[in-house]
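The block underneath contains the structure these notes are about, expressed in structure tokens.
Chain letters run A, B, ... following the sequence lines, proteins first, then strands; residues in each count from 1. Since this is a predicted model, take the numbers as computed values, not measurements.
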Protein chains: 2
Amino acid sequence: MASPTTDALVQLSFVIQSRLSDLASSRDLSLTQLRMLGVLRDRRPTMQDLAGHLGLTKSSLTGLIDRAEQRSLVVRTPDASDGRTVRVELTELGRSLAAEGTVAMNDAMDALLEPLSASDRKVLHRVAVRLAEAGQEQA
Amino acid sequence: MASPTTDALVQLSFVIQSRLSDLASSRDLSLTQLRMLGVLRDRRPTMQDLAGHLGLTKSSLTGLIDRAEQRSLVVRTPDASDGRTVRVELTELGRSLAAEGTVAMNDAMDALLEPLSASDRKVLHRVAVRLAEAGQEQA
DNA sequence: TATTGTTATACTCTATAACTATA
DNA sequence: TATAGTTATAGAGTATAACAATA
């Protein structure tokens, strides 16, 4: 048997992912696309950097950006200083979808956390920050 | 901007999913297949029930079980009392993989939680149980 | 008629390997 | 040669709609 804490944490992560997935697909986005839009809100990365942020190979990213570009969510722009490099940025449409997605995410998480006491929320916040940092460093 | 708590929780869920994914793919399983094996550890469900547990359509499940059956992880068995119904159960190989996966999951979660104090773990446990329950009821 | 499951089809996501263009 | 990105190819996962078999 899985330990009770393992089980609860894993289940919670599936609950969160499922909320995010629903929220994305109600806007005809995949979860990967929603993450990608989120990353681009404050960056104009190269293809390779973006692949790194999302944990994808460069060829996977090519396809992802192809589909997003077809939908006018992002554009590829040449890099002035290196002819091999391509930078990706949001279009206006992409930016508004990204902003909308962020609001929806906050609402969904607020709803999920609603049953918790203020002190539990505080602890959860602190613990989540710490674990997320530790987890991403290791990866 | 996403609220700090939303951000941390969402990131944490991605960290957990990524750990689980790694753990699954090191055994040549997808995360969905690993979940499916976990569900079958203590059930012998119909195709439809299993689809419900995993949040998939019946046709998606047909493909998933086709692939798992080709790898001898599960078997389809006819239901004695209803000729339309198919039940799915683990093979010995599937059962040992499922058990191994559970152990690996516990180890991975223990490693992730290692930096937390005992009291933080206690709160996290209680909160995760509560949120996971609430989240799954709603779904 | 209603239910259970499969098939046909299509699309997204992902990867590996080979390729092109630039440095 | 090395790096950035794309293309070719393949397979998993997912869904919708049409179908077959059973109830």
Side-chain angles (χ1 to χ4, degrees), chain A residues 14 17-18 20-39 44-71 73-89 97 139, chain B residues 14 17-18 20-39 44-71 73-89 97 139:
Chain A
F14 278 109
Q17 297 275 314
S18 151
L20 297 178
S21 240
D22 288 353
L23 183 164
S25 65
S26 75
R27 287 157 181 83
D28 259 299
L29 297 170
S30 69
L31 191 43
T32 301
Q33 282 172 323
L34 187 63
R35 282 175 73 202
M36 182 265 286
L37 295 180
V39 168
R44 212 179 122 265
T46 66
M47 291 291 281
Q48 197 142 54
D49 285 349
L50 184 51
H53 271 289
L54 298 173
L56 300 175
T57 63
K58 55 190 183 170
S59 82
S60 297
L61 193 69
T62 293
L64 188 72
I65 297 302
D66 284 349
R67 292 184 292 273
E69 205 169 22
Q70 276 164 24
R71 290 179 55 184
L73 302 177
V74 303
V75 285
R76 284 171 163 102
T77 56
D79 184 290
S81 65
D82 187 333
R84 297 168 300 182
T85 297
V86 171
R87 291 192 176 270
V88 185
E89 58 192 295
L97 253 189
Chain B
F14 278 109
Q17 297 275 314
S18 151
L20 297 179
S21 240
D22 288 352
L23 183 163
S25 64
S26 76
R27 287 160 181 80
D28 260 299
L29 297 170
S30 70
L31 192 42
T32 302
Q33 282 172 324
L34 187 63
R35 281 176 74 201
M36 180 265 285
L37 295 181
V39 168
R44 212 177 122 266
T46 66
M47 292 291 282
Q48 197 141 55
D49 285 349
L50 184 51
H53 271 288
L54 298 172
L56 301 175
T57 63
K58 55 189 183 169
S59 82
S60 297
L61 193 69
T62 294
L64 188 71
I65 296 302
D66 283 350
R67 293 184 290 273
E69 205 170 21
Q70 276 163 24
R71 290 179 54 185
L73 302 178
V74 302
V75 285
R76 284 172 163 100
T77 56
D79 185 291
S81 65
D82 186 335
R84 296 168 301 182
T85 296
V86 170
R87 291 192 175 269
V88 185
E89 57 191 297
L97 254 188

Length of the [atom1]-[atom2] vector between [X] and [N], whole Å:
| X | N | atom1 | atom2 | value |
| --- | --- | --- | --- | --- |
| B:R71 | D:dA12 | CZ | C1' | 11 Å |
| A:D28 | D:dA15 | CG | C1' | 12 Å |
| A:Q48 | D:dT6 | CD | C1' | 13 Å |
| B:Q17 | D:dG13 | CD | C1' | 15 Å |
| A:D22 | D:dA15 | CG | P | 11 Å |
| B:M47 | C:dT7 | CE | P | 10 Å |
| B:L64 | D:dA12 | CG | P | 11 Å |
| A:D49 | D:dG5 | CG | C1' | 13 Å |

Under-4.0 Å side-chain N/O to phosphate OP1/OP2 contact, B:T32 with D:dT14: yes
With a cut-off of less than 4.0 Å, is there a side-chain N or O of A:R67 near OP1 or OP2 of C:dC11? no
Side-chain contact, heavy-atom cut-off 4.5 Å: A:M36 with A:L73? no
5' priority, DNA chain C, between A:Q70 and B:T62 [closest heavy atom]: B:T62
What does A:L61 touch in the nucleic acid at a heavy-atom separation under 4.0 angstrom: a base, only the sugar-phosphate, or nothing? nothing
How would you label the contact of A:R87 with the nucleic acid (heavy atoms, under 4.0 Å): base, sugar-phosphate, or nothing? nothing
Measure the spacing between OG1 of A:T57 and CG of A:L61 and express it to the nearest 0.5 Å. 8.0 Å
Going by the rule salt bridge (charged side-chain N to carboxylate O under 4.0 Å, His left out), which residues pair with [X] if we only count those two or more places apart in sequence or in a different chain?
| X | value |
| --- | --- |
| B:R76 | B:D66, B:E69 |
| B:R87 | B:D79 |
| B:R67 | none |
| A:D49 | none |

Pairs touching residues 21-33 of chain B that satisfy salt bridge (charged side-chain N to carboxylate O under 4.0 Å, His left out), sequence neighbours left out: B:R27-B:E100
Summary of protein contacts for nucleotides 15-23 of chain C, nucleotide by nucleotide, where a base hit scores B, a sugar-phosphate-only hit scores S (4.0 Å, heavy atoms): BBB----BS
